[in-house]
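To keep things clear, I will list the structure first and then write my remarks on it.
Read the numbers this way: they start at 1 and go in the same order the structure lists the ligands and their atoms.
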Amino acid sequence: MRVFIVKNYEELGVQAAQIVSGQIYVKPNSILGLATGSTPLSMYRHLVNIYQEYGLDFSEVTTFNLDEYVGLPEDDKNSYHYYMYNHLFRHVNLDRMKIHLPDGMAVNIDEECLAYEKAIQDCGGIDLQVLGIGQNGHIGFNEPDEKFEAYTHEVKLKQDTIEANARFFDDVSEVPTRAVSMGIKTIMQAKKVVLLANGSNKAEAVYRAVCESITPTNPASILQLHQDVIVIIEEGAATYLRDRLTLQQKERILFFNKIHECNGIIAS
Ligand code: GLP
């Protein structure tokens, strides 16, 4: 696990976009796992810039999103379909046939989960997975639980997640209570993972993900077992790490202060 602290949210987006564009440059037919939420927005903005300014070619790229709410149609402004088209898909030359999000309106959600998981496996798995993190340590919509749910599944959202995500809705009562999410194994099978965190409200979750014991009650902690994870954290989200990390922990997670040292990672 390599942890990089960047000076602000804008820088987080720049660095994350460089990693994603480097991945596409090295492997034009990459399978990308994509995330939603407020954190990756600056990354998507910079990716669109790189496409417009430098002609980054998305035409062979395949995407799979992490999750989607159950019960929100694609054109609902709070659906992750809407988010992705609004912030990335309609701005770049992605092939619409290569874009995948779980269908939260499927009549049979269990079948949808199986089909989604199969589609990922049929493509050979994800090359680069982008993740945000919930305040309760969730990744995708894998909520704290007694066990790690392996594959794409239906989730009952925790009340704290519903409340955290209510800021995007007119009222908390409008937040869906269920979602479809890639599972922990789906995520862990990705060849590379980039975890992004922004804001002091994520500082504790980041610390727990990186430093505390691996347990399904803290889903992001599983990433400590992945062999190729880059964690990009904005200063505010890094406060607990800075304060509490022991020397031994710093050695274990290969702690860097400057993202610049990460140059070349994708090309290697
Ligand atoms: C949602 C998404 C997660 C995301 C999380 C954090 O719950 N399912 O994938 O990481 O929100 O969102 P934000 O970046 O807005 O804090």
Inter-residue atom distance K191.NZ - D228.CG, 0.5 Å rounding: 11.5 Å
Provide the number and element of each atom of ligand 1 under 4.0 Å from a heavy atom of K202. 6 (C), 13 (P), 14 (O), 16 (O)
Ligand-residue contact atoms, ligand 1 with G132, heavy atoms, under 4.0 Å: 10 (O)
In the protein, which heavy atom is nearest to [atom], and how far is it?
atom: atom 15 (O) of ligand 1; answer: R167 NH2, 2.5 Å
atom: atom 5 (C) of ligand 1; answer: H138 NE2, 3.6 Å
atom: atom 4 (C) of ligand 1; answer: T36 O, 4.1 Å
atom: atom 6 (C) of ligand 1; answer: I133 O, 3.6 Å
atom: atom 14 (O) of ligand 1; answer: T39 OG1, 2.5 Å

Distance-only polar pair, side chains of [X] and [Y], donor-acceptor under 3.5 Å:
X: T215; Y: S213; result: no
X: T161; Y: N136; result: yes
X: E212; Y: S221; result: no
X: H46; Y: Q18; result: no
X: R45; Y: N49; result: no

Using the ring centroid of each side chain, check whether F141 and Y69 are separated by less than 6.0 Å.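 Yes; Y69 has its ring centre under 6.0 Å from that of F141.
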Counting heavy atoms only, which of P40, G37, G140 is nearest atom 3 (C) of ligand 1?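 Among P40, G37, G140, the closest heavy atom to atom 3 (C) of ligand 1 comes from G140.
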Who gets closest to atom 2 (C) of ligand 1 by heavy atom: Y80, Y69, Y83? Y80
Under 3.5 Å: donor-acceptor pair, side chain of Y9, backbone of T39: yes
I'd like to know if the side chain of Q224 and the backbone of A209 have a donor-acceptor N/O pair within less than 3.5 Å. yes
Using a 4.0 Å heavy-atom cut-off, which part of N198 comes near ligand 1: side chain, backbone, both, or neither? neither
Between K158 and ligand 1, which part of the residue brings a heavy atom under 4.0 Å of the ligand: side chain, backbone, both or neither?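 No part of K158 is near ligand 1 at this cut-off.
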I want to know if ligand 1 touches D67 in the polar sense, i.e. an N/O pair below 3.5 angstrom. yes
Is it the case that ligand 1 has an N or O less than 3.5 angstrom from some N or O of S38? yes
